[in-house]
Amino acid sequence: MQVAKVIVDVPTSQTNHTFDYLIPEQWENIVQKGMRVSVPFGPRKIMGFVLEVSDHSEFDKLKALDEVMDLTPVLTEELVQIGKWISEETVSFYIQTFQAMLPQILKAKYKKEIEVLTDVELAEELKQLFAGRVVMDFEEFVERNGNYSLLLKEVKNGHVQINYIVKSKETNKTKVFIAPNKEPYLLEEALEDISNRAKKQKRIIEHFLHHETPIEQKQLLTQLSTTTATINQLVEKKLLKKVEKKVYRDPFQDTDFERSNSLPLSNQQQTAIKPIWQAIEEKQDEVFLLHGVTGSGKTEVYLQAIERVLDKGMEAIVLVPEIALTPQMVQRFKSRFGSQVAVLHSALSAGEKFDEWTKIHKKEVNVVVGARSAIFAPFENIGIIIIDEEHETSYKQDEQPRYHAREVAKKRGNYHHCPVVLGSATPMLESYARAKKGVYHLLEMPDRMNEGEMPPVEIVDMRDELYAGNRSMFSRNLLEAIKTRIEKKEQIVLFLNRRGYSTFVMCRECGDVMKCPACDIALTYHKSSHQLKCHYCDYQIAMVKECQACNSKTIRYFGTGTQKVEEALREHIPEAKVIRMDVDTTRRKGSHKKLLEKFGNKEANILLGTQMIAKGLDFENVTLVGVLAVDAMLHLPDFRSSEKTFQLLTQVSGRAGRHKLPGEVIIQTYTPEHYSIQLASQYHYQQFFQQEMQTRRGFRYPPYYFLTLINVSHPNQLKAQEVTKTICKLLFKHLSDQATILGPTPSPIVRINNRYRYQCMVKYKDEPNQKAIIRKIQEHYYDDIHRNDLTIQVDFEPYSLM
DNA sequence: AGCACGCCGACT
DNA sequence: GTCGGCGTGCTC
C-alpha cells in the first residue's frame with residue numbers, strides 16, 4: 001500500500017497539515033513528492049500537493065486520491081523543503097507558500113456540475129431546468145435561481161449527482177507547421193502532374209524542393225502570398241502534411257539580440273570577482289555583498305561569474321527588481337547567454353510566464369533573470385544566485401507568505417553549496433552591517449568605469465526661492481539648466497514622487513479638504529480625466545465645482561503631482577517635449593517599454609516620472625537630473641525614510657552623465673541641511689552608514705534590533721483597537737522582558753477601504769518563542785477572522801510601517 | 001473554503 | 001409536527 005501525504009488547497013489553520021490518501025494501484029510508484037493531485041475532501045474535490053509518499057498511515061479510513069495532475073513533480077524536493085521553511089518563518093499556511101512558488105497558471109480551477117442519473121422520476125421543476133440535458137454547470141443552476149433544497153432532495157433520492165471537477169489552467173499554445181510528406185524525387189514527379197493552371201501549388205512544392213524543413217504555416221502563407229485553401233489541396237494529395245507543434249510564446253520574438261562577448265575586466269572588477277570565482281570552484285555557500293557605485297560595472301561582474309558557473313554545467317539565478325527589469329537589462333543577459341536565458345517578470349502574460357517557467361522546469365535553459373518569485377526557479381544544480389539592487393523593497397513580498405527573496409536565496413545557496421552575491425550601490429543598512437561584521441564577504445567597487453566621476457550634485461534651498469519671489473515649482477537654477485540642455489540637444493530626467501495633478505484640494509472659504517469616503521486620506525486631483533481619485537482604494541469622482549461643506553466656489557489645488565509638473569513645463573518651456581511616466585501612463589502592457597524607447601530615440605527632451613524612472617535607466621544623452629522635491633519622502637513616518645531618501649537620491653543621480661557627456665544633478669528641497677540629502681549629494685555612503693547606524697541604535701531599530709509588525713484591521717474601529725490591545729497584552733505576557741512591545745497604535749492611515757487599522761510593534765534581539773505565540777494568537781482569533789471580517793497580518797522584518 | 005449537522009423559532 | 005434560519009465543527 002502506498003499513501004500520499006497531501007497539503008490541500010484550503011488556506012486555514014485548521015487544514016494546515018497533511019491529509020493522507022491512498023494511492024490507487026495504477027498510480028503506485030508514479031505519484032511522487034511535489035506533484036499536484038486532485039483529492040476528495042469532504043463532499044467535494046480539491047487540489048493538493050503531495051509532500052510525501054509513505055507505506056502506511058496512522059489514519060484508518062483512508063480515501064483514495066482522485067487524479068494525478070502532473071507527469072513530473074512541479075516542486076523539487078528542495079523546493080518542498082524550502083516551502084515548509086518559509087511557511088514556518090513567515091507564519092503562513094503551507095498551501096499559500098507552495099502556490100507562491102509556482103506560476104499562477106498552475107493554480108487549480110474548480111468546477112461543479114449537476115448530472116442527471118434518471119430523468120424518469122425527476123421532479124418536474126428540475127426537468128424543465130435541464131430541458132433534456134444530462135449535465136449542467138452548477139453556476140448556471142445558481143444564475144437561473146434553481147431550487148437548491150429540491151436539488152439536495154434529488155441528490156438524496158439518487159436521481160441527480162453533483163460532480164466536482166478540478167482542472168489546471170495550463171495550456172499549450174500550438175502552431176501549425178507544414179512539412180513535405182514525400183521524398184524530394186516524388187515531389188518533383190508530382191510537380192509535373194500538377195496542372196499548369198495551379199501556379200500557386202507549383203510554387204509551394206518548389207519551395208519544399210529547396211527546403212525540406214517544416215515551416216510555420218503562417219510564414220509560408222506570407223512568403224508565397226497564398227492561402228490555406230491552396231495548402232490544404234496539397235495536403236489532401238498527400239504531398240505535404242500539417243504538423244502541430246507545441247511552441248512557447250516568446251515574449252522577445254520581435255527583438256534582435258546582438259551577441260556580446262565578455263568585456264575585459266577593470267582592476268577593481270577583477271579584485272571583486274576573484275573571491276566569487278573561488279567560491280564557485282570550491283562550492284562554498286558564501287554570501288558576498290558587492291558594494292559598487294552606479295556605473296562601476298557590477299553587471300559585467302555578474303555576467304562573468306555566471307559564465308564560470310555555466311562552464312561547469314551549472315545553473316544561475318539572477319534577481320532584478322521588478323522596476324529595473326527593463327528591456328535594457330534583459331538585453332544584456334540575452335545577448336550574452338542567448339537562448340539559455342529564461343526571463344520572468346510581471347509584464348509577461350500568465351501564459352508567457354508559464355512558458356518561461358516550463359523552460360526552466362524542463363532544463364532547457366540554465367540562466368533565469370527575473371523578479372522576486374524567480375528565486376523559486378526549479379533548478380537542481382545551482383552554481384550561483386545573484387541579487388542586484390539588493391536594497392530594493394520589492395524583494396519582499398507584501399502579502400502572505402511575506403518572504404524575502406534574499407533569505408530564500410541564502411537558504412538555496414546553502415542547499416546547493418553555492419555563493420550568493422548581493423549587489424548594490426546603496427546596500428541596505430542591515431546588509432552592510434552584516435558585511436562589516438564579517439557575516440557577509442564585503443567586496444567594494446568604489447570607482448566608476450573609465451575614470452568617470454559621479455556627476456556633481458547641487459542642492460537648491462526652495463525657501464530661498466520663495467524669499468526671492470519665485471513661487472513656481474522650479475528653482476531658477478533648475479529652469480536655467482533645463483533650458484541650456486534643450487538648446488544643446490541633451491536630455492533631462494525629472495523626478496517627482498507623486499502622481500496625479502495636485503495632492504489635495506481645499507476650499508479657501510472654510511478650509512474643507514476633499515477626502516475619500518472610505519479611507520482616511522485626501523483625494524488627489526487628476527487633471528487629464530478631471531477627477532478626484534483615492535490612491536488607496538478605487539474610489540473616484542468627477543471634480544467638484546463647489547465646496548461640499550459650504551458651497552463656496554473657491555476651490556484651490558495644493559501640492560504638486562507629475563501631471564501638474566508636466567503642465568508647468570509646457571508653460572515655462574513650450575518648446576520642450578515631455579514624456580510623463582507614472583502608474584497612470586504605464587498601466588497598459590508594453591507602454592513602459594514604449595515610452596522608454598521613445599525617450600531613447602530622442603523623441604523627447606524631458607523624461608518626467610515617479611519612482612519607476614529612478615532605477616536602471618541608462619541613456620547616454622541624459623546630462624541633467626532634477627529632483628523636484630524630496631521632502632515628502634523624508635518626512636514619512638517610517639524609520640527607514642532617511643535611508644530610502646539617501647538610496648533614491650543616489651540612484652537618481654546615477655542616471656546622469658553615464659557616458660561621454662558630463663552630467664549634473666539638481667536636488668530641490670526645503671530641508672537642505674538634512675544629512676541624507678547632504679551625504680547623498682557627496683556620494684558618502686560610508687558616512688551615511690555611520691550616522692544612520694547611530695540613529696538606529698538610539699531608537700532601538702534594525703539592524704540593532706529585529707522588528708515584528710502586527711497589523712489588525714476591522715470595519716469597527718473599537719473592535720480593531722481592542723483586538724490589537726489584547727494582542728499587545730498577550731505578547732507582553734509571553735515574550736521575554738528583553739522585548740519591547742509598542743501599541744496599540746493607530747496605523748499612519750487609520751482607515752483604508754472602510755476598515756480601521758491598528759498596529760502593534762515588537763522590537764527584540766532574540767525571541768525563539770515568538771512565532772509559536774503568534775500562531776496561537778491567530779488561532780485564537782480564528783472565528784473572528786473567519787466570520788467576523790477581522791484581519792491580522794504579521795510582518796517580520798517589515799519594509800513598510802504603513 | 002464549503003458543506004453537513006443540529007439546534008432553535010415560526011409556520012402549515 | 002416540519003421547514004428553514006444560522007452557529008459549530010470537520011474534512012484523510
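FYI, side chains are in, hydrogens and waters are out, and symmetry mates aren't considered; it's all heavy atoms of this structure.
For A:F41, the side-chain atoms get nearest to C:dT11 when compared with the rest of C:dT8, C:dG4, C:dT11. Candidate nucleotides C:dT8, B:dA1, C:dC12 were compared by shortest atom distance to the side chain of A:F19, and C:dC12 ranks first. Of the candidate nucleotides C:dC12, B:dA1, B:dC3, B:dC3 has the atom lying nearest to any side-chain atom of A:P43.
At C:dC12, none of the side-chain N or O atoms of A:K61 fall inside 4.0 Å of OP1 or OP2 (strictly under the cut-off). For C:dG4, neither phosphate oxygen OP1 nor OP2 lies less than 4.0 angstrom from any side-chain nitrogen or oxygen of A:Y148.
Where stacking is scored as ring centres under 5.5 Å apart with planes under 30°, A:F59 registers as stacked on the base of C:dC12.
Proximity of A:C516 to A:I521: side-chain heavy atoms (C-beta onward) are separated by under 4.5 Å at one or more points. Put simply, the side chain of A:R755 reaches to within 4.5 Å of the side chain of A:T791, judged on heavy atoms.
The CG atom of A:D20 sits 13 Å away from the P atom of C:dT11 (whole-angstrom rounding). If you take NZ of A:K63 and P of C:dT11, they are 9 Å apart, rounded to a whole angstrom. Atom CG of A:D66 is separated from atom C1' of C:dT11 by 15 Å (rounded to the nearest Å). C:dC12 atom C1' lies 15 Å from atom CG of A:N16, rounded to whole Å. Note: CD1 (A:I46) to P (B:dG2) measures 10 Å, nearest angstrom. Straight-line distance from the CD1 atom of A:I7 to the P atom of B:dA1: 16 Å, rounded to whole Å. If you take CG of A:L22 and C1' of C:dC12, they are 11 Å apart, rounded to a whole angstrom. Here C:dC12 presents its P atom at 19 Å from CZ of A:F49, a figure rounded to the nearest Å.
The closest side-chain donor-acceptor pair between A:Y164 and A:D66, if any, does not fall under 3.5 angstrom. In summary, the side chains of A:H416 and A:E78 do present a donor paired with an acceptor at a separation below 3.5 Å, with no hydrogens or angles considered.
Summary of the strand contacts: A:K156 and A:P11 both lie near DNA chain B, and taking for each the nucleotide with the nearest heavy atom, the more 5' one is attributed to A:P11. Residues A:R787 and A:G42 each lie close to DNA chain C; by heavy-atom proximity, the contact nearer the 5' end of the strand is made by A:R787. Each of A:L152 and A:Y782 was matched to the nucleotide of DNA chain B holding its nearest heavy atom; the match closer to the 5' end belongs to A:Y782.
In this structure, A:K112 reaches the sugar-phosphate backbone alone: every heavy-atom distance under 4.0 Å involves primed, P, OP1 or OP2 atoms, never a base. Here A:T15 lies in heavy-atom contact (under 4.0 Å) with a base. Among the heavy atoms of the strands lying under 4.0 Å from A:Y164 are primed sugar atoms or P, OP1, OP2 only; no base atom is included.
Ion pairing between a basic and an acidic side chain is recognised when a charged N comes within 4.0 Å of a carboxylate O; A:E797 and A:R406 show no such pairing.
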